[in-house]
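Please read the structure below before turning to the comments.
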Amino acid sequence: MIKFINASKWFNNHHVLKNINLEISKGEVVVICGPSGAGKSTLLRTINRLERIDDGEIVVDSKYLSDPKTNLTTLRAEIGMVFQHFNLYPHKTALKNITLAPCKVRGLTRKQARERALKLLERVGLLHRQDAFPSQLSGGEQQRVAIARSLAMEPKVMLFDEPTSALDPELITDVLDVMISLAKEGMTMVVVTHEIGFAQKVADRVVFMDAGEVLEVGCPPDIFINPQHERTREFMSKVFHIPIFTKPQEEGE
Amino acid sequence: MDFPGSFSNIKFYLLGAYPNGPVGGLLLNIVLAILAIAFSFLVGALLGYSRLSCRKYIKVPSVLYIEIVRATPLIMLIFWFYFFLPYVLGKNISVFWSAVIALSIYAAAYEAEIFRAGILAVPRGQMEAALTSGMTRYQAMKFIVFPQALKIMVPSLVSFFVSLFKDTSVTFIIGVIELTQTGIIVSQRQPDKMYASYLCVAIGYFIVCFSMSHLARMLEKKIGVFDLESYRPDACRDEYMLMPTHRKIPDEKVPAAGCYPPGL
Amino acid sequence: MIITGIKITILLMAITSVTSLLLGTVVAIMRISRIKILRALGTIYVEIFRNIPGLFWVIFFYFIFPEILPFGWGARLNAYPNYPVVAGVMGLTVDNASYVSDILRSGRLAIPHGQREAAISSGLNRVQQYIYVLLPQMFRATLPPLGTRMVHNFKNTSLCMAITAPELTWATQQIESLTFRGIEATTMATLFYVGLAGVMASIIIILEKVLRIDIAKSAYQTRG
């Protein structure tokens, strides 16, 4: 579904992505973790080309991103993205936030879009907040609306860029619940997060990145409990001050 | 000071010779300012928009226009259009219209800056969110960025209107019979009531400007201030161009500096 | 004639920049002072001068001001051959000072509270606090808008042509009416204005860089 081939990126003289090779197949849930400044978000943003890579190739849904013939707009419509700071449109209500793109891009009628949006709002548990403006919603609610907004385009892939790191701890669970249910439905997901619990529960693979390099890829217990790489071990020991991982994965993928 | 005598001229100050002749006085100032804003709005928006482009051949002309007009005194512009427009067009053009044209040219440069700052004040994430949901740049601009930018711009536009309104007084130099000119004419006709006529002019300007600038301040409180000066003139956002640049990936590994983000 | 014009324009700009900065600072201090009457006076000043065009003030000081002066001072002023320039300076100063004071006042609001407290606790009196601690920071914080204002003020010197002060714009119009070679003169004048405004703008940018480093080295860096 998504394939990085020797992808590299520079910000001026700063090498932010170093020869990334990674393949993500359909229906897979991949969690990217690592220290801040490791290039996790950049990697995620290259997938729908919010950032462009300077070398190498990225193939999404068997389309080459560097190919001038690839229509970025239609490709982006297939890739949903959820941001750290939600990026809801502040001048539109929750419902309008969700219906806008389906109307304008997919050409749905207002009624169809509205039905779809209401279904999604119900799913994320915010049906009663449909007429609220983003400024009237809490962070957790905003993020759930943002997820619904992405889902309204019926994307093939969902990208999550630290979806919970701007939220109060008690609001995180609502958002994670929605993400977990999505993962269980078989959505292809790429998630940048520090939520180890989430990764434990649903991730098929965990990618550990540091300083623009992919250091390790593996299933969650391998990476979290039994890391091979020195740097990974160091990071994990800092993340888990207390060794909480006494039992491995609870319920498969 | 004989105020009542001068206040009998009040109609002149407000409307000029209006019912029996052309509009003048305070009303003319307002008309000039409104016409100039209206005519320059589209040009100003386009200029401000193209100044955000990363492509030199679009950016440079608009930067030149904006900076040159902003560095020229309004009087100079007014003279240019008053003396040399007839010369170029080969026919005479009324004082009023040459004033309107000069003011529009002048206003466009300032509006371009307001517009640019307005767009830059919309968080980047908004554009990104719109693009990721599959909208084209044009759609993202139209539905997401522009409505928000417009709202942010409103207080600045109102205060710019105040300043433009004050600047319309300059047109008296080419003989537009607006409020200042009216004051001077009346004071020359009735030298004994000189104070009164100047007082009338001052009060006229004051009332309009005072109420408008308070409106601007109110809007600022409601919408929030944003500061034109805090935006660097070299800020450039390719993502706001409707047509993406299809640049080839450069051979050297370091992308060209100054353009952020490089590509998209 | 052009040369005299340029000289007078630069003279006007230089004098009014300094005087309006001084007057503006005084008004700004009035507006942020604790004494209610001073605050009110400052506000009235700004409201009056900001809401009436600069051109009006230039004309006012030329025509009206000599008339209201007592003891024949006005007649003496009127007899003074360079009175248009003097009136121009006064008009531009009062107009520009209102903007300057507004800008400076916003600069005061940007200074963190701790600065004042630090100044007080190191034993500076009210005047010293302003001179050594507050004013320097106010100017630095507001340098970009102050610079823009000064360029504006420079352009406004052309308003003085309305009262026949022999500055550059007036000179071009004289040339136009005497020799009909207005295009050359106006082009030259426009180039001069654009050029000098450009020079002013770049000086301000340089100044800004120099002073900003100064600030970065000092208090603000440690605020975290």
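Lettering of chains follows the sequences in order, A, B, ..., and the numbering in each one begins at 1.
Of the atoms belonging to B:A140, not a single heavy atom falls under 4.5 Å from chain A. With a threshold of 4.5 angstrom between heavy atoms, A:Y89 approaches chain B through its backbone and through its side chain. For chain B, no part of A:R106 is nearby; none of its heavy atoms comes within less than 4.5 Å. Only the side chain of A:H91 comes within contact range of chain B, with at least one heavy atom under 4.5 Å from a heavy atom of that chain. At a 4.5 Å heavy-atom cutoff, A:L75 makes no contact with chain B through either its backbone or its side chain.
Residues forming a salt bridge (Lys or Arg N to Asp or Glu O under 4.0 Å) with A:E154 (at least two apart in sequence, or on another chain): A:R116. Not a single side chain to side chain contact (heavy atoms under 4.5 Å, CB included) links A:S62 to another residue, sequence neighbours left out.
No salt bridge links A:K119 with A:E122; every basic N to acidic carboxylate O contact stays at or beyond 4.0 Å. A salt bridge does not link A:K63 with A:E78: every distance from a Lys NZ or Arg NE/NH1/NH2 to an Asp or Glu carboxylate oxygen is 4.0 Å or more.
Here B:Y138 and B:F146 keep their ring centres 6.0 angstrom or further from each other.
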